[in-house]
Amino acid sequence: MAETTDCVVIGAGVIGLACAREMALAGHEVVVIEAEDTIGMHTSSRNTSCIHAGINYVPGSLKAKLVLRGKELLYGFCPQHGVGHRRCGKLMVALDETGAMELPKLKANAETNGLDDLEFLEPARVREMEPELRFHTVLYSPSSGIIDAHELMLALLGEAEDNGAALALSSPVLGGRVVGSGVEIDVGGKQATTIRCRIAINAAGLGAQKIAAAIDGVPPATVPAQVLSKGIYFVAASKRPFSHLIYPLPGEHANAVHVSPDIAGAVRFGPNTLPTDHVDYSVDESYAPFFYDAARRFWPAIEDGDLVPGWAGVRPKTSNARASRNDFTVHDKTVHGVQGLVNLYGIESPGLTCSMAIAEHVAGLVEAA
Ligand SMILES: Cc1cc2nc3c(=O)[nH]c(=O)nc-3n(C[C@H](O)[C@H](O)[C@H](O)COP(=O)(O)OP(=O)(O)OC[C@H]3O[C@@H](n4cnc5c(N)ncnc54)[C@H](O)[C@@H]3O)c2cc1C
């Protein structure tokens, strides 16, 4: 006989935990079901940990809307909950005339999206902010920042649990079925069980499509394709050449990598873009020349030995389009016809920034159903 609860959240990454908190705060009985033996083992701990400002997303897209709200929510939540973060600002760095022509377009797009604090910097100010940077023209985003993603997940989980949510680890969801006005979820692992719920939120990241396809009653045609794109990082071994986020332009250049300091000040380069058909977090050291060449474009003082291999993440995409063009895909009853089920697909960047706003959006869909 199935156990019952009001709301099941599948996946304890940042999205599932933000949804669990939101639903628990709204008074729902919530159980979070996670396949791994701890939270945040996948994309949520394998990213750049940048709080995006909302510059280059397609106007009117979910990303464009949720990133502004998500950023605002994070900057409110983090200080209250002791989550490490820093509003360090981002320099969009044109390296030549071609790059410089891109900057006014970025500024105009940001303004269309409601972000009106971008400013062009005088060269003297850039040299003061980043003495090691080679640049042609710089557009500055003061509201971009960095965050400790694991501390964020712990804080979201803590508040969810304080409001009655329960977390089941080592509990892979195998599939399920639509029953009456709810969903039954089959859970494997040592304590295999079936849970019947009124609301089910599929926030399984890289596993979202597989789970949706295994729920009997979800029309297969509504499950989008999954496209994986691996990104690896290299890290500055001992030097700390930059203290701001740095986005070199032209951004689509084959050699483009971004710079991000972490909360402790270590400087990371990446991610690059590697199409793949499986999840694999190994870091191939043979990419070192690529990273040195890319970094040398804007960090002329880089020396051999300055970079060491870092880590890798896999972007859960629904198409090959780059992140600013490929929107989040959020399916509720209006798409798949199943009362109470929300499937979240393609939650790639800026999903971390948007996490709390995605949770608000999902809660709104559930309440409206
Ligand atoms: C290289 C890279 C860089 C990025 N940089 C940024 C950035 O700087 N800023 C930003 O805002 N965003 C960034 N992102 C995006 C951001 O990291 C993601 O949008 C976000 O972490 C997605 O969280 P999630 O909870 O959906 O996925 P995940 O963190 O992957 O969580 C999904 C969870 O579901 C669980 N799961 C899967 N299958 C099952 C199953 N069958 N049963 C039970 N549980 C299951 C997994 O174990 C996992 O814990 C980046 C992403 C990548 C890949």
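Residue numbers start at 1 and run along the sequence shown. Remember, it's 1-based here, ligands and their atoms both numbered in the order they're listed.
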K.L.:
Which is closest to atom 52 (C) of ligand 1 in terms of heavy atoms, Arg46, Lys210, Lys230?
P.N.:
Arg46

K.L.:
Using heavy-atom distances, let me know which of Asp37, Leu352, Ile347, Asn272 sits nearest atom 22 (C) of ligand 1.
P.N.:
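Among Asp37, Leu352, Ile347, Asn272, the closest heavy atom to atom 22 (C) of ligand 1 belongs to Ile347.
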
K.L.:
Only heavy atoms of Ile211, strictly under 4.0 Å: list the atoms of ligand 1 that pass.
P.N.:
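Heavy-atom distances to Ile211 below 4.0 Å select 39 (C), 40 (C), 41 (N).
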
K.L.:
Mind running side chain to side chain contact (heavy atoms under 4.5 Å, CB included) on Cys7 and Val30 for me, showing each step along the way?
P.N.:
CA-CA 5 Å; Cys7 172; Val30 178; 4.2 Å; yes

K.L.:
With Glu348, which of Arg46, Arg315, Lys63 fulfils salt bridge (charged side-chain N to carboxylate O under 4.0 Å, His left out)?
P.N.:
Lys63

K.L.:
Can you tell which of Lys63, His42, Glu34 gets a heavy atom nearest to atom 49 (O) of ligand 1?
P.N.:
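That would be Glu34.
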
K.L.:
For ligand 1, does Ile51 get within less than 4.0 Å through its side chain, its backbone, both, or neither, judged by non-hydrogen atoms?
P.N.:
neither

K.L.:
Is the contact between Ala203 and ligand 1 made by the side chain, the backbone, both, or neither, using heavy atoms and a 4.0 Å cut-off?
P.N.:
backbone

K.L.:
Output yes when Lys239 and Glu132 qualify as a salt bridge under the 4.0 Å nitrogen-oxygen rule, no when they do not.
P.N.:
no

K.L.:
Between the side chains of Glu72 and Arg69, is the shortest nitrogen-to-carboxylate-oxygen separation below 4.0 Å, so that they form an ion pair?
P.N.:
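Looking at Arg69 and Glu72, the cut-off is met.
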
K.L.:
Would you check whether Ser44 reaches within less than 4.0 Å of ligand 1, judged by its heavy atoms?
P.N.:
yes

K.L.:
Check ligand 1 against Tyr233 and write out every atom of the ligand that is under 4.0 Å from a heavy-atom position of the residue.
P.N.:
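Per the distance check, 1 (C), 2 (C), 3 (C).
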
